[in-house]
Amino acid sequence: MNLLAQIQERFRTALAGLAPDVEPFVAMVKPAQDAKHGDYQANCAMSLAKSLVKKPREVAEQIKRRLPLGDFLLEPEIAGPGFINLRLQVNWIAQQLREMAKSDRLAVHAQAAKTIVIDFSSPNVAKPLHVGHLRSTIIGDSLTRLLRFLGHKVITDNHLGDWGKQFGILLYGYRRYVDADAFRADPVRELARIYVKVRKEMKDDDDKTPDPVDDAARLETAKLHAGDEENLRLWKMFMPFSLEEIDKIYRRLEVSFDHMHGESFYNDMLPGVVADLLQKGIAQRSDGAVIISLDEDQPPSIIQKRDGAFTYTTSDLATIKYRMETWSPDAILYVVGVPQSLHFKNFFAAARHAGYTLVDLRHISFGSVLGEDRRVLRTRDGGTIDLEKLLDEAVEHARAIVDENSAELPEAERKEIAEAVGIGAVKYADLSQNRNSDYVFNWKKMLAMDGNTATYMQYAYARNRSIFRKGNVAAVPFRTDPPLPVLDSPFERALALQILRLEETLVAAVEDYQPSIITSYLWDVAKSYSGFFQNCPVLKAETPALRDSRLLLSDLTARVIQLCLGLLGIRTVERM
RNA sequence: GUCCCCGUAGCUCAAUUGGAUAGAGCGUCGGCCUCCGGAGCCGAAGGUUACAGGUUCGACUCCUGUCGGGGAUACCA
């Protein structure tokens, strides 16, 4: 049940005829920012007053008179320059809660189903994953879960960097430095050692003086692309080890992909793509290169360089061609860092020129992870944080606290709790950030377990479940035949309202592709629940009816928390 | 050079896209366990939203300029 949408629908009626297009004004109905202004507020009277040449408060009165209240809204109040403050009828809230309780998806509607390809994580194979890879991976995973929950068909595709220069580096290093015994014992570790060793021999990117190691690595890459047998053999040998390395992290993060079509997958298609675009007249030869000329003032997009090599735009065009032919999606989402904005702008323009005009191409960008010095963490600087190490550390830290607080629990359960809490903390710390903002990496914050963290939500959930255990109460009846809740106290009412905001929150989150909207909602729910928990005894409620009502509120809270955490890829635990 | 992003409490971040007295967490200080889990709760201090103008009923948000930081800029993607 989308509360906001229902209120807006009433305003659509009330505003009809007051403006040529009422939608912008309907959109000015939103949750009240301060509870003392009611539950929701409409800010449209002020801006409407201008075109109607009336006083804002008069317009507000007019809207108020035309607003169908029914058994849904209380008489609105007009305040300040012309705000219309809205309050919901408590009986209506109670009835909606009961409907939510009966639904196995908490009465969240499915949206009109779209087919969406989502391209995320996309690490460079053969390099150790670091904390920077976390963002694409878990933002993409969370959006996947959210879109699927809302009824969309989502195809996840990990566009691995499995064909690039890092293999040239590895090929060069392997021949010179491999320790055969070490490689046999632990190939991944040995390859990582080789990679780092060669990297250290190379000069900085901004150092333009000749770099023989860099040139040698480049040559190995070129040989690989040209089909050199020995390099190809080694590439095929390295790949499974490298894949296993990143797969280990994915298993731990509980992230999975429908497809892992890396760059190498598209290599054979590149000449065909260029030929095809030339033949259709979309691309032209220019000065020895092949380009797609874009409108506006943009420079052309080069799809084949003068030396015959292809660019990443070519590779991206091959990818889109494959995806369109294979899945014909309505949208393709690229969860890639903000530094690549310009590339995507140009690539999308080129794709439209190439005829992909109907598919919704979207760069879901995210900010960089910065070091304490506010500069982007880079592998080269040695300042980066190894992802596996981060996860280990988080789980260890959680484990220490579990052992301290819940020593009575069996070993296996404590281990499981530590994993859920530790991984959850790391994911939440990242997802609760506005996607587009850069953030400064901070161990303490990543591992934090108090304040606005996953642990806090997991704890609220566990405490909640504990009530049912303690009272020896089964939750099921509250889902099959729930009572009509009593919402007499402000704490009960506030919690109920938060619970009802579930669907509008998920819709807002998916519209902006913004998981942090879910985390702020969770925080609001948890705070409301705290107030309720503190002030409204459940098991010791004054009457059996009140006890049932509060059990229902508790159960709904638990389900909302579990659902939302689940959409972020974070587990709940029954005890912790 | 050109383009993009950012500058908000001591620190890390929000602010529902122009709304009412700019909010959280951490940290600091002070309270709360005869009471369903203290990984918790309640309270306090802390702000010229980098700066200067402008737009309007109203600006952290939009426009112009200045200062400071970061990033991108056809041969890694």
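Just the heavy atoms: all of them, side chains too, but no hydrogens, waters or symmetry mates, feed the values below. Each chain gets a letter, A, B and so on, in the order its sequence line appears, and its residues count up from 1. These numbers come from a predicted model, not from an experiment.
Contacts of Met576(A) with the nucleic acid, taken as non-hydrogen atoms under 4.0 Å apart, include base atoms. Within 4.0 Å (heavy atoms only), Ser437(A) reaches sugar-phosphate atoms of the nucleic acid but no base atom. Residue contacts for Asn346(A): at a heavy-atom cut-off of 4.0 Å it reaches no nucleic acid atom on any strand shown. The residue Val338(A) sits apart from the nucleic acid: no heavy atom pair falls under 4.0 Å. Pro56(A) comes within 4.0 angstrom of no nucleic acid atom, judged by non-hydrogen atoms across all strands. Val336(A) comes within 4.0 angstrom of no nucleic acid atom, judged by non-hydrogen atoms across all strands.
The side-chain ring of His343(A) is not stacked on the base of A77(B), judged by centre separation under 5.5 angstrom and plane angle under 30 degrees. Aromatic stacking is not marked for Phe83(A) over G19(B), as the cut-offs of 5.5 Å for the centres and 30° for the planes do not both hold.
The base of A20(B) sits within donor-acceptor range of the side chain of Asn85(A), with an N or O pair under 3.5 Å. For Lys36(A) against U21(B), a side-chain N or O and a base N or O form a donor-acceptor pair under 3.5 Å. Taking only distance into account, the side chain of Glu263(A) never meets the base of A77(B) through a donor-acceptor pair shorter than 3.5 Å.
Close to C41(B), at under 4.0 Å from its OP1 or OP2, lies a side-chain N or O of Tyr456(A). Dashed line: the shortest gap from a side-chain N or O of Arg463(A) to OP1 or OP2 of G38(B) is under 4.0 Å. At the phosphate of G37(B), OP1 or OP2 sits under 4.0 Å from a side-chain N or O atom of Lys470(A).
Rounded to a whole angstrom, the distance from the C1' atom of U61(B) to that of U49(B) is 10 Å. Look at the C1' atom in both G69(B) and U8(B): the space between them is 15 Å, to the nearest Å. For the P atom pair drawn from A24(B) and A39(B), the interatomic distance equals 23 Å after rounding to whole Å. With P as the reference atom, A59(B) and U73(B) are 39 Å apart, rounded to whole Å. Rounded to the nearest Å, the gap between the P atom of C26(B) and that of A22(B) is 22 Å. Of the C1' atoms belonging to U17(B) and U12(B), the separation is 23 Å, rounded to the nearest Å. G10(B) and U66(B) have their P atoms separated by 29 Å, given to the nearest Å.
Residue Pro537(A) is the one, among Phe310(A) and Pro537(A), whose nearest nucleotide of RNA chain B lies closer to the 5' end (criterion: closest heavy atom). Map Ser315(A) and Ser520(A) each onto its nearest nucleotide of RNA chain B; the residue landing nearer the 5' end is Ser520(A).
Residues Thr311(A) and Thr314(A) have side chains that bring a donor and an acceptor to within less than 3.5 angstrom of each other. For the residue pair Tyr439(A) / Asn434(A), no side-chain donor-acceptor distance below 3.5 Å is found, with atom types taken as modelled.
When the nucleotides A72(B), C36(B), C57(B) are ranked by their closest atom to the side chain of Lys540(A), C36(B) comes out on top. Closest to the Trp523(A) side chain, of the nucleotides G25(B), U16(B), C13(B), is G25(B). Between A39(B), A74(B), C57(B), one nucleotide has an atom nearer to the side chain of Asn405(A) than all others, and that is A39(B). When each of U12(B), C41(B), G19(B) is scored by its nearest atom to the side-chain atoms of Ser530(A), the top-ranked nucleotide is C41(B). In this structure, the nucleotide among C57(B), C76(B), C13(B) sitting nearest to the side chain of Arg374(A) is C13(B). Listed nucleotides: G40(B), G19(B), A39(B). Nearest to the side chain of Pro81(A): G19(B). Relative to the side chain of Lys305(A), the nucleotides A39(B), A74(B), C26(B) differ in distance, and A74(B) lies closest. Side-chain proximity of Val376(A) to G37(B), A20(B), G71(B): nearest is G71(B). In the set G38(B), C57(B), A15(B), G38(B) carries the atom at the smallest distance from any side-chain atom of Tyr459(A). Listed candidates were U16(B), A39(B), C57(B). Nearest to the side chain of Asp450(A) is A39(B).
Pairing partner, G25(B): C11(B), with both Watson-Crick or wobble hydrogen-bond distances short of 3.5 Å. For U64(B), the paired base is A52(B) (Watson-Crick or G-U wobble, both distances below 3.5 Å). Under the Watson-Crick or G-U wobble criterion, with both distances below 3.5 Å, U16(B) has no partner in any strand shown. Pair check for U73(B) finds G1(B); Watson-Crick or G-U wobble, both atom distances under 3.5 Å.
In this pair, Phe348(A) and Tyr334(A) present their aromatic rings tilted. The plane angle is within the 30 to 60° band.
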Between Asp438(A) and Arg374(A), is the salt bridge (charged side-chain N to carboxylate O under 4.0 Å, His left out) condition met? List the steps. CA-CA 9 Å; Asp438(A) 294 349; Arg374(A) 298 209 140 260; over 6 Å; no
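Judged by the 6.0 Å distance and 45° axis criteria, Arg465(A) is not positioned over the aromatic ring of Tyr459(A). Judged by a 6.0 Å distance limit and a 45° cone about the ring axis, Arg501(A) is not positioned over the six-membered ring of Tyr521(A).
Base orientation of U21(B): anti (glycosidic angle beyond 90° from 0). In this structure, C26(B) shows a glycosidic angle more than 90 degrees from zero, which is the anti conformation.
The shortest distance between side-chain heavy atoms of Ile84(A) and Gln41(A) does not fall below 4.5 Å.
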